Amino acid sequence: LSKQETVLIEEKRSPAHAQSYGLGTEDLERTPGSLDDPIRLIQSLPGTVATREYGPNAGSVILRGAAPTESRLYIDGVEVPYLYHFDQYASILPTKLVDNVLIYPSNFGTSYGDAIGGIVALESKEADGDEATVYAQANLIMAGVQATTPVSFKGQDAGVLSLSGRRSFADVYESSNEQYSLWPAFSDYVLRYDVRNAEGHHFRWTALGSMDKYGRYIYDADDLDPYERSVNPNLNMKRRFDGGVFRWDWRSDAYRARTLVALMRDDWRASLASITSQGEVDSQQRLDRYSWVRHESIVIRDDVEWSVGFDQRLGQVSQKVQASIPNPVIRNDAPLLAQGESVDRTLWEWRQGAWVEPRINKGDWRVVTGLRVQALPLSQQAVLDPRIQVHRQFDWGRWHIGVGRYHQSPPFEQPELTMFASSEQASTGVEWQVSERMIFGADVWAKQVRDKWYTDPNGVVLVVGEEAVGGEMYFSS
């Protein structure tokens with residue numbers, strides 16, 4: 001068991017997930033040591049592992065021992081490729097734009113799926129449209145600006161426009177050294193337009209993107225002699241994703257709904273000076289383009305809430321690799337190039353999910369049952385995931401328990417893998433309200449995983465199973 005100091009936020013009603021931890025606006029902005037980086041604080045929450053900065057897995061979100069690829073990452077309900085700029089310099093969203101960060105480390109409800117690990121969900125802050133504001137910020141790594149202004153048309157309120165942009169600047173005053181041939185640089189942006197009306201409708205259009213690039217010598221310069229340094233292969237990497245999102249929220253006294261439609265583009269390029277031939281360059285380009293559609297309706301009938309919805313990801317990935325030999329050293333920077341096989345192919349991905357989840361509230365009890373269907377239409381496969389969570393409120397705090405089944409579709413860039421990975425999970429825990437502002441909590445969990453895929457350091461894909469048991473204790477204030 002691990003004892004960690006953290007800050008949690010509570011929902012007015014027990015959530016639809018057996019275990020969840022979160023950070024609100026005040027926590028994100030005032031917690032010391034965050035360096036104005038909301039996602040950095042995720043790694044202080046129970047059930048997460050703080051990966052070493054600048055290490056092979058730097059910036060990865062690891063939930064209860066699950067590999068980073070076994071969890072899903074969302075911004076405003078849209079699945080995104082990553083949340084960190086490389087080497088954990090900073091998250092791709094500044095603190096001023098984040099309303100809360102929620103983590104479901106395991107045993108989440110049926111509204112999320114296609115993951116045998118956990119869920120990290122960021123919700124952006126509502127723009128303040130009362131007056132125009134400009135906020136600038138800089139530190140030793142990056143500088144940025146955020147601006148918000150109300151928009152009017154013919155004297156009528158027409159919405160709120162907001163813009164945010166940041167860029168690192170270390171590469172401006174230091175271009176290279178013995179380890180880096182091109183000093184790391186990153187940037188990100190968010191452009192958003194919000195419109196509300198009197199009927200309870202809220203429309204939002206968002207454009208967002210992130211870029212990371214660097215050049216480095218693949219072997220640690222401190223471990224090499226002068227000659228080895230002179231022939232140390234140079235890896236250049238650049239990754240950029242851009243997306244456009246439309247969101248429609250509608251709510252009344254007995255009904256809430258949210259619809260999301262997004263188009264995303266993730267371009268991942270790398271080149272490596274060949275070890276075997278002077279002047280030759282191995283290269284990798286992976287271009288992933290996908291659409292994301294999600295809808296959830298919540299109907300409230302007396303003591304029962306019905307959550308019904310679906311999500312779908314349809315995408316195309318183009319892979320072009322020119323490689324001479326395998327090079328496991330760069331598998332975290334350029335996984336396709338590390339395998340050492342030349343490839344020129346286009347693959348399609350299509351995965352769908354749908355769920356129905358009644359949430360029953362009876363006095364101090366809340367019972368959430370649900371069934372999720374996860375499907376791969378191209379391979380004509382489908383699986384069912386039943387789940388249940390029970391919450392009980394007491395004068396002194398809260399108790400919860402949950403069990404469920406989870407599936408994750410195989411990586412479509414590995415055509416030889418055709419079966420879903422599966423996981424049975426169970427968890428339980430309590431929270432004691434020690435004082436008005438202090439909570440003590442303890443959670444225990446267990447999971448069994450089958451048909452999980454794993455790529456070893458030599459690029460060989462293995463299918464394995466595993467069992468894990470763990471727990472956390474935490475304080476919040």
Side-chain angles (χ1 to χ4, degrees), residues 14-20 63-64 66 69-74 76-80 102-121 256-262 290-300 304-315 349-360 366-391 400-412 418-427 445-452:
S14 298
H17 311 274
Q19 292 174 306
S20 61
L63 303 178
R64 288 184 172 166
T69 54
E70 295 169 9
S71 298
R72 299 295 183 190
L73 313 174
Y74 296 89
D76 285 342
V78 177
E79 187 177 330
V80 295
L102 291 174
I103 285 185
Y104 309 112
S106 64
N107 257 161
F108 44 89
T110 56
S111 57
Y112 290 108
D114 202 47
I116 57 175
I119 300 294
V120 180
R256 299 196 302 271
R258 171 174 289 185
T259 300
L260 291 161
V261 180
Y290 63 91
S291 64
W292 175 260
V293 180
R294 177 183 169 93
H295 175 81
E296 181 179 18
S297 295
I298 299 178
V299 181
I300 304 172
V304 180
E305 302 173 11
W306 286 88
S307 171
V308 181
F310 70 91
D311 53 46
Q312 173 180 271
R313 173 168 168 155
L314 176 62
E349 175 194 29
W350 188 9
R351 50 183 167 91
Q352 297 175 322
W355 71 90
V356 57
E357 187 176 76
R359 304 167 182 173
I360 305 168
R366 179 169 168 87
V367 180
V368 181
T369 61
L371 181 67
R372 183 179 178 93
V373 180
Q374 198 68 42
L376 296 174
L378 294 179
S379 59
Q380 299 181 344
Q381 295 186 73
V383 291
L384 295 177
D385 289 337
R387 302 169 194 174
I388 182 170
Q389 291 90 30
V390 179
H391 305 260
H400 59 82
I401 187 171
V403 294
R405 181 187 301 154
Y406 300 81
H407 281 87
Q408 184 168 349
S409 54
F412 64 100
T418 58
M419 64 184 71
F420 283 89
S422 65
S423 175
E424 282 74 40
Q425 301 181 7
S427 62
W445 53 270
K447 58 184 176 181
Q448 184 179 50
V449 181
R450 299 183 180 91
D451 300 322
K452 168 185 172 180

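A quick note: this is a predicted structure, and the numbers were derived from the prediction, not measured.
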*So, for Thr259 and His295, which heavy atoms are closest and what is the spacing to 0.1 Å?*
OG1-ND1, 2.7 Å

_For a quick test of reading the model, state the closest non-hydrogen atom pair linking Arg294 to Ser111 and the distance between them._
NH1-O, 2.9 Å

_So, using salt bridge (charged side-chain N to carboxylate O under 4.0 Å, His left out) as the criterion, who are the partners of Arg450 when residues are at least two apart?_
Glu424

*Counting only N and O atoms by type, is there a donor-acceptor contact under 3.5 Å from the side chain of Glu357 to the main-chain atoms of Arg387?*
no

*Minimum heavy-atom separation for Val403 to Ala426, with atom names?*
CG1-CB, 3.8 Å

_Restricting to salt bridge (charged side-chain N to carboxylate O under 4.0 Å, His left out), what partner residues turn up for Glu70, sequence neighbours left out?_
Lys452

*Rounded to the nearest 0.5 Å, how far does CD1 of Ile298 lie from CZ of Arg359?*
5.0 Å

_If I take atom CG from residue Asp451 and atom CD1 from residue Ile116, how far apart are they, to the nearest 0.5 angstrom?_
9.5 Å

*Trp292 side chain to Gly77 backbone, donor-acceptor under 3.5 Å*: yes

*When rounded to the nearest 0.5 angstrom, what is the spacing between NE2 in His400 and NE2 in His391?*
7.5 Å

_Trace of the side chain to side chain contact (heavy atoms under 4.5 Å, CB included) decision for Leu314 with Val293_ = CA-CA 9 Å; Leu314 176 62; Val293 180; over 6 Å; no

*Which pair of heavy atoms, one from Gln425 and one from Ser106, lies closest together, and at what distance?*
OE1-CB, 3.3 Å

*Quick one: list whatever passes salt bridge (charged side-chain N to carboxylate O under 4.0 Å, His left out) with Asp114, sequence neighbours left out.*
Arg72, Arg351

*Measuring from Arg64:CZ to Ser427:OG, what's the distance to the nearest 0.5 Å?*
6.0 Å

*Under 3.5 Å, is there a donor-acceptor pair between the Arg372 and Gln374 side chains?*
yes

*Step by step, work out the side chain to side chain contact (heavy atoms under 4.5 Å, CB included) result for Ile300 and Arg256.*
CA-CA 8 Å; Ile300 304 172; Arg256 299 196 302 271; 3.5 Å; yes

_Minimal non-hydrogen separation, Ser409 against Leu376, with atom names_ = CB-CD2, 3.6 Å

*What is the distance from atom OG1 of Thr110 to atom CD of Gln389, rounded to the nearest 0.5 Å?*
8.0 Å

_If I compare all heavy atoms of Ala262 with all of Val78, which pair ends up nearest, and what's the gap?_
CB-CG1, 3.8 Å

*Geometric class of the Tyr112/Tyr74 ring pair [parallel <30°, tilted 30-60°, perpendicular >60°]*: tilted

*Gap between atom CG of Leu371 and atom CG of Asp385 - 0.5 Å precision*: 8.0 Å

_Regarding Ser422 and His407, do their side chains bring together a donor and an acceptor under 3.5 Å, going by distance alone?_
no

*Please check if the side chain of Tyr104 supplies one atom and the backbone of Ala121 the other of a donor-acceptor pair under 3.5 Å.*
no

*Output, in order, the C-alpha distance, side-chain angles, deciding distance and verdict of side chain to side chain contact (heavy atoms under 4.5 Å, CB included) for Arg405 and Val383.*
CA-CA 10 Å; Arg405 181 187 301 154; Val383 291; over 6 Å; no

_NZ/NE/NH1/NH2 to OD/OE distance under 4.0 Å, Asp76 and Arg258_ = no

